[in-house]
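Take a look at the structure set out below.
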Amino acid sequence: MPQAWNQALVRIASAKDPNALPTDDRVLFYDDRTITIYDKFAKAQYHFLVLPRIPFKLANGRDKGNPAQAPPALSAANGKLTLGSTSSNVVPASHLRNISALMTSPYVVEVLAAVREASDRVLDHIRDDMQRKHGVTWSIERAFHAVSSMEHLHLHVTSMDLVSDRLKHKKHYLSFVPTVDFAQRLDDVDKMVAEGRQALPKSERAYENLLKGPLTSHHTGQRFKFFSELKAHLESHWRHTVLAQGETGPETHAESTASKRAASIGAEEHSTSRRKVESHQPESTSGPNATESDTDEEPALPLR
DNA sequence: GTTCTAGAAC
DNA sequence: GTTCTAGAAC
């Protein structure tokens, strides 16, 4: 079968039992209508994908929200379903191909709500892990790529350090930064849908061209000529501006990692002195000092 | 989507 | 030297 690679998310989203998926699919958690997986080629310290499941079952009763986009009424004789179309109780998979298809769907509000709900849990998970490992949290974006080569709809939940070995190309960087319109934030898509828009504002071509734009830091606005320089800047910013905030906390870093980790196991109360770093400070120019960073991840845990 | 290769271009 | 573009990949 040619081009199986772009069907990978369809396969995962179609899993009847997410626990039975191959282990390298790396499920974080799931619920009735969504599955969240680790991105196989994470472009940041934290990078997850939230997928609506196939089939995506509609809630019973009426649809809330958009009356202008109400699902087509069933023409049922005597209250019984006629015709061979099995169940009209699910969102057709074709509506879930990508964000553009979803925006034309009568079920867009319900799908987005389910994805949002799951992504809220992902945010909690990420922030807890940031706090536990580094004693600090930093910004996370939720966005759809305006154009995607992977088939099934997926919401990226990505920490904005963008520090990763798998961030290898300019287009990778530009596709995630909130300062470039290629990443369509969940909040913005919700707004467009609420306004009745059924398509993104720009053409596919226009979005793809955004990935050829200049290399500008989303932290400082600084321009870079070479991708390697931007990479060094991202690493430096993360280590010296973001993570440094976590080291000035109540604990000194002498036994920080081990003790923090031990203290937070099975405990729910590490929310007390949480710091947030929102960085728009220009940093003093720092030479490229790249070090290797490995994140040891925790095991996947199914919901319920 | 990724990896690899090649040649052109800066 | 690096970046960019293009094509192939069973």
Side-chain angles (χ1 to χ4, degrees), chain A residues 1-15 18 21-28 34-54 93-94 96-102 115 119 122 141-160 162-177 180-184 200 203-218 222-236 285-290 292 294-295 297:
Chain A
M1 215 67 84
Q3 288 201 335
W5 58 265
N6 65 0
Q7 301 298 312
L9 300 182
V10 175
R11 174 181 57 79
I12 293 170
S14 304
L21 282 166
T23 50
D24 63 322
D25 285 334
R26 305 212 61 198
V27 177
L28 176 68
T34 67
I35 298 180
T36 298
I37 59 170
Y38 289 74
D39 191 300
K40 194 173 178 182
F41 301 95
K43 303 302 190 298
Q45 292 296 303
Y46 299 90
H47 187 178
F48 298 95
L49 305 180
V50 180
L51 321 177
R53 294 180 70 169
I54 302 173
S94 63
L96 303 174
R97 280 169 62 93
N98 53 49
I99 185 59
S100 297
L102 182 64
V115 167
S119 70
V122 180
E141 289 286 337
R142 294 187 276 191
F144 301 98
H145 281 168
V147 182
S148 172
S149 29
M150 299 294 282
E151 193 93 327
H152 188 64
L153 182 75
H154 51 288
L155 178 74
H156 292 273
V157 183
T158 313
S159 60
M160 282 298 107
L162 295 174
V163 172
S164 168
D165 284 349
R166 313 316 295 257
L167 191 91
K168 293 181 173 178
H169 302 292
K170 172 186 181 176
K171 66 178 178 184
H172 290 155
Y173 175 74
L174 295 177
S175 73
F176 286 103
V177 281
V180 174
D181 210 21
F182 191 88
Q184 296 288 312
L200 296 178
S203 67
E204 280 199 9
R205 178 72 169 278
Y207 284 117
E208 283 163 352
N209 283 335
L210 293 177
L211 303 182
K212 299 172 182 174
L215 277 179
T216 304
S217 166
H218 65 302
Q222 189 178 354
R223 274 278 290 271
F224 293 91
K225 175 154 191 175
F226 297 112
F227 188 66
S228 57
E229 292 171 351
L230 173 71
K231 291 271 293 177
H233 162 79
L234 294 172
E235 171 99 20
S236 170
T285 27
S286 49
N289 67 334
E292 251 307 280
D294 251 20
T295 320
E297 293 291 355

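Every heavy atom of this structure was used, including side-chain atoms; hydrogens, water molecules and symmetry mates were not. Note on naming: letters A, B, ... go to the chains in the order of the sequence lines (proteins, then strands), and numbering restarts at 1 for each one. Everything numeric in this text was worked out from a predicted model, so none of it was measured.
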Ranking dT3(B), dG1(B), dT3(C) by distance to the side chain of F227(A), first place goes to dT3(C)
Does a donor on one side chain sit under 3.5 Å from an acceptor on the other, for H145(A) and Y207(A)?
no
Identity of whatever pairs with dC4(B) - Watson-Crick or G-U, under 3.5 angstrom
dG7(C)
For a quick check of understanding: with a heavy-atom distance under 4.0 Å over all strands, which category does K225(A) fall into, base, sugar-phosphate or nothing?
nothing
Nearest whole Å is fine: how far is dT3(B) P from H172(A) NE2?
8 Å
Taking the side chain of F226(A) as heavy atoms from C-beta outward, which of dT2(B), dG1(B), dT2(C) is closest to it?
dT2(C)
How many whole angstroms separate atom CG of D39(A) from atom P of dT2(B)?
8 Å
Let me know the distance between CG of D24(A) and C1' of dT2(B), rounded to the nearest Å.
15 Å
Quick note, K170(A) side chain, CB onward, closest among dC4(C), dT2(B), dG1(B) is dC4(C)
In whole angstroms, how far is the P atom of dA6(C) from the NZ atom of K171(A)?
11 Å
Could you tell me whether H154(A) contacts a base, only the sugar-phosphate backbone, or nothing, with contacts defined as non-hydrogen atoms closer than 4.0 Å?
nothing
Among dC4(C), dT5(C), dT2(B), the one nearest any side-chain atom of K212(A) is dT5(C)
D39(A) with R166(A): basic N within carboxylate O range, under 4.0 Å:
no
Whole angstrom is fine here: how far is it from OH in Y38(A) over to C1' in dG1(B)?
21 Å
Should we say atom CZ of R11(A) is surrounded by more than 12 heavy atoms from elsewhere, each under 6.0 Å from it?
yes
Compare the minimum distances between each of dT3(C), dT3(B), dT2(B) and the side chain of K43(A), then state the nucleotide with the smallest one.
dT2(B)
Side chains of H47(A) and H156(A), heavy atoms from C-beta outward: is any pair under 4.5 Å?
yes
Kindly indicate whether the side chain of L174(A), heavy atoms from C-beta on, has any atom under 4.5 Å from the side chain of K171(A).
no
Whole-Å distance between dC10(B) C1' and L215(A) CG?
14 Å
